[in-house]
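Heads up: the structure comes next, in structure tokens.
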There are 2 protein chains.
Amino acid sequence: MLTGEQLKQQAGVRTLQAIQSEVESTNKIALSVDCVIFGFDENKLKVLLIKSDLKKYLGKWSLLGDLVFPNEDLDAAAYRILKQRTGLSDVFLEQVHTFGKVSRHPAGRVVTIAYYSLINVQHHKLNILDNELHWHDVKSINNMAFDHQEIFDTCLKQLQKRVQEHPLGFNLLPKKFSLRELQNLYEAILDFKMDRRNFRKKFFSMDFLIDIKEMEQDVPHRPGKLYKFNFEKYEKKKKKFIGIDF
Amino acid sequence: MLTGEQLKQQAGVRTLQAIQSEVESTNKIALSVDCVIFGFDENKLKVLLIKSDLKKYLGKWSLLGDLVFPNEDLDAAAYRILKQRTGLSDVFLEQVHTFGKVSRHPAGRVVTIAYYSLINVQHHKLNILDNELHWHDVKSINNMAFDHQEIFDTCLKQLQKRVQEHPLGFNLLPKKFSLRELQNLYEAILDFKMDRRNFRKKFFSMDFLIDIKEMEQDVPHRPGKLYKFNFEKYEKKKKKFIGIDF
DNA sequence: ATTTAATGTGTAAATTAAACACATTATATT
DNA sequence: AATATAATGTGTTTAATTTACACATTAAAT
């Protein structure tokens, strides 16, 4: 009869004590974060990319990322990159997925934690520090460096899903926006056209838009009303939850 | 006038070459995976836990996890743990989130990638190698070791969401099941009661259940019909996609 | 033969989503 | 000043989906 401990040994199960000693030793891996930074400009969904400077991927575009410091929280590392690259703080940021194929990175084993963030391009425009940074139309990007295409695709899908469930999109718009801008945003993110009357009805019936009694300025046509999103009211509401639907 | 390179230096941005040298050096972190292994038994949703053997958390329950080897893919590490702990291969497994607070683990900096998996408890019962392993009713667990309560809560929420969008639940059931078993499963995962007629109507209208013309055996009441899930048909179908609803 | 405890089924009402057209307004043009 | 333009703003009808709700049937147990 074997003891529990012996059975564990036999099964190749290691104890926490064993783990602890390994944490102290060489069983470590380089960790990075990569940010898919989305913006919205000229009625198009954009992503901020940088030209790869690794030989293997020369000229290809890659996401903005960096290694995580051993004494740094993951979210903090992602915020650091955003701050460095856009000059912005207080941006929307969400972790999406961790990519860790053994050979995903030419520099060695690097596991990367993917985030996406949503920024208002107007706030950012003057802060690009680097002429190798560019805003790309999401519909035109393909063939990125490393496994960044896969990371990007995953993050875009996540954004498309989340934006239907939560009021994330407003992070991409000015505080005051017209319903047309809002619809353009949704159409750009979800990549299809919607009926204007039904779109407006939907948002008005949610009752989170505040009519601020102002009109668009300097538009070459009849100006639309401007609205703000009522985040306070939204936070109070509990999300209903049910509906099995494969 | 500063060059792009100087501007990057100024902003604290590091190049990929700089990263490469750091990957080779000490800028590494221990990585683990933790698995929330769900089962379904006696009409209750269960989770497989192990007694912590670290002093700090003595007697508390923790998830099943282990360090990731430097030459091991993340998913492979998760499958390894499942195989070690349950004896099962070919189980459903999905990555959920990566937890990396600097002080989350008493053994030092350990970033952990959380997965959940769904197994059929019937297949597993004879394979528990370790008397410190136990199936817990998910409704009764709280106060786990480390940050495992947070990890567990996150994974349970993800399961609750996913099970409404995809036919995951069938991984927790025998191949042949009655509609009552299926409804009990959904009620256990989502933690509320549903109308039997509407539940049946819903699943029949999806048209993925195959009536295998068999009946339940050895039940102390009128036996119900048995069904299989038509995975093949499901895979062919494209998911419809739209519906903004905060 | 009777009781029990579950299965199996249908319809009406309410809600939500989809389809669809015209008057209004500010700007730009002539 | 008059007209053309290009957008905003608004309701109704239909279809589809979801919810609420009750009774007959069946096999096993008594």
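Every value quoted in this text rests on a predicted model; they were computed, and no experiment measured them. All chains are named by letter (A, B, ...) in the order of the sequence lines, taking the proteins before the strands, and each is independently numbered beginning at 1.
- Between the CZ atom of B/Phe199 and the P atom of C/dA6 there is a distance of 17 Å, rounded to whole Å.
- Taking the six-membered ring for Trp and the full ring otherwise, the centers of B/Tyr116 and B/Phe92 sit less than 6.0 Å from each other.
- For the pair A/Leu179 CG and D/dA7 C1', the interatomic distance rounds to 14 Å; values are reported in whole Å.
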Practice problem: Take nucleotides 19-30 of chain C nucleotide by nucleotide from the 5' end and write B, S or -, depending on whether a protein heavy atom sits under 4.0 Å from the base, only from the sugar-phosphate, or from neither. | Solution: BBB--BBSS---
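- The aromatic rings of B/His134 and B/His136 lie perpendicular to each other, with more than 60° between the two planes, well past the 30° mark.
- For D/dG9, the OP1/OP2 oxygens have no side-chain nitrogen or oxygen of A/Lys225 closer than 4.0 Å.
- B/Arg200 comes within 4.0 angstrom of a nucleotide base, judged by non-hydrogen atoms across all strands.
- Looking at A/Arg104 and A/Asp147, a side-chain N of the basic residue comes within less than 4.0 Å of a carboxylate O on the acidic one, giving a salt bridge.
- For B/Glu165 and A/Lys161, the salt-bridge test passes: some basic side-chain N is under 4.0 Å from an acidic carboxylate O.
- Annotation: B/Asp211, atom CG; neighbour count of heavy atoms from other residues, nucleotides and ligands within 6.0 Å is above 12.
- Here C/dT16 presents its P atom at 18 Å from CZ of A/Phe204, a figure rounded to the nearest Å.
- Counting heavy atoms from C-beta outward, A/Phe177 and A/Phe170 have side chains that approach closer than 4.5 Å.
- In this entry the distance linking CZ of B/Phe192 with C1' of D/dT19 reads 12 Å, nearest Å.
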